[in-house]
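All of these numbers come straight from a predicted model, not from anything done at the bench. Note: hydrogens, waters and symmetry copies are ignored here, and every other heavy atom, side chains too, is used. Here is the naming used below: chain letters follow the sequence lines, and residue numbers restart at 1 for every chain.
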Amino acid sequence: DAKTTQPPSMDCAEGRAANLPCNHSTISGNEYVYWYRQIHSQGPQYIIHGLKNNETNEMASLIITEDRKSSTLILPHATLRDTAVYYCIVRDSPGINTGTASKLTFGTGTRLQVTL
Amino acid sequence: DAGITQSPRHKVTETGTPVTLRCHQTENHRYMYWYRQDPGHGLRLIHYSYGVKDTDKGEVSDGYSVSRSKTEDFLLTLESATSSQTSVYFCAISATRASTDTQYFGPGTRLTVL
């Protein structure tokens, strides 16, 4: 799986958009970009994933550059409850029934602090 | 929320004692995983299962065994706990989302080995 680089920490004011960048310059054509977050003492929480196109769900938007070498996770209106460590993970997705384990490799992530 | 529970949530034990952690899921997922999380190491895969009685090792499997006798339960056993196994243990399942498999995690078990 390709390596990712994220800033160690970021601050964001409550109510503003939080834009979390991730570099994955060695990503290959069949690898997806996944984002998870971990709020203190809780299990990692899936946020969103994408391959080439931008994606949006109820939690966030994922913007992937055309060359796929970087991406940005956007939390449109950050709240104090969004304070967490955010992990960008690049991996292929062999499919649920192929018999291949889909191990996730978590790096150190970005610690996002949302403040009043 | 993928219907994953872990028990116990907290445990303190002594070196040399056996410990079993349980992961329970309610949605019939085929793949289940055990990870440990330690400061400075992120999450590391211990073992995983791809079906009843089908398990395989992850990157940090030494000192751990697993069993899966039914779809809903995946057990992690420390045969003789050591202080280096003090950690937070997370169970995960794989579920299909937008045609790809996505892992969802349980709440974790904090294990302290004295």
Side-chain angles (χ1 to χ4, degrees), chain A residues 1 3-6 8 27 29-62 64 84-111, chain B residues 1-6 9-10 23 25 27-51 54-61 66 68 74 87-110:
Chain A
D1 294 338
K3 181 179 168 58
T4 62
T5 304
Q6 300 178 251
I27 193 170
N30 62 339
E31 288 183 316
Y32 289 74
V33 180
Y34 281 76
W35 282 84
Y36 283 78
R37 73 181 182 183
Q38 190 170 24
I39 296 168
H40 181 62
S41 297
Q42 298 181 20
Q45 178 187 22
Y46 166 81
I47 301 173
I48 198 167
H49 75 279
L51 181 63
K52 297 180 187 177
N53 301 321
N54 298 337
E55 303 287 344
T56 294
N57 63 20
E58 64 280 2
M59 289 182 67
S61 295
L62 173 60
I64 302 174
V85 178
Y86 287 77
Y87 297 97
C88 169
I89 300 166
V90 171
R91 55 173 283 265
D92 62 15
S93 185
I96 201 76
N97 291 316
T98 61
T100 304
S102 59
K103 185 190 81 166
L104 291 177
T105 301
F106 285 75
T108 53
T110 296
R111 184 171 297 277
Chain B
D1 183 2
I4 306 167
T5 57
Q6 293 184 231
R9 294 293 314 279
H10 302 270
C23 177
Q25 55 131 336
E27 298 182 0
N28 234 25
H29 297 293
R30 179 182 172 191
Y31 285 84
M32 299 183 75
Y33 308 81
W34 277 108
Y35 290 85
R36 61 178 288 176
Q37 185 173 33
D38 306 289
H41 288 280
L43 272 81
R44 293 181 289 174
L45 182 65
I46 305 171
H47 281 279
Y48 65 95
S49 169
Y50 46 96
D54 292 323
T55 65
D56 207 346
K57 296 178 180 180
E59 60 183 308
V60 289
S61 59
V66 290
R68 192 160 176 211
F74 191 30
S87 187
V88 181
Y89 291 86
F90 291 103
C91 173
I93 59 91
S94 279
T96 302
R97 187 175 181 124
S99 302
T100 62
D101 68 291
T102 298
Q103 288 189 26
Y104 296 89
F105 289 80
T109 293
R110 184 173 295 275

Heavy-atom proximity to chain A below 4.5 Å, by part of B:Glu59: side chain

Tell me if a side-chain donor or acceptor on A:Tyr36 pairs with a main-chain N or O of B:Gln103 at a distance below 3.5 Å. yes

Residues passing the side-chain contact (heavy atoms from CB on, under 4.5 Å) test with B:Val66, sequence neighbours excluded, are B:Trp34, B:His47, B:Thr55, B:Phe74, B:Leu76

Is any side-chain heavy atom of B:Arg110 less than 4.5 Å from a side-chain heavy atom of A:Ser41? yes

With a 4.5 Å heavy-atom cut-off, do B:Tyr35 and A:Leu104 have their side chains touching? yes

Return the CD1 to CG distance between A:Ile89 and B:Leu43, rounded to the nearest 0.5 Å. 8.5 Å

Shortest non-hydrogen separation from B:Phe90 to A:Gly43 and the atoms involved: CE2-CA, 3.2 Å

Relative to chain B, which segment of A:Gln38 carries a heavy atom at a distance below 4.5 Å: side chain, backbone, both, or neither? side chain

Partner set under salt bridge (Lys or Arg N to Asp or Glu O under 4.0 Å) for B:Arg68, not counting sequence neighbours: none

Heavy-atom side-chain proximity of B:Phe105 to A:Tyr46 below 4.5 angstrom: no

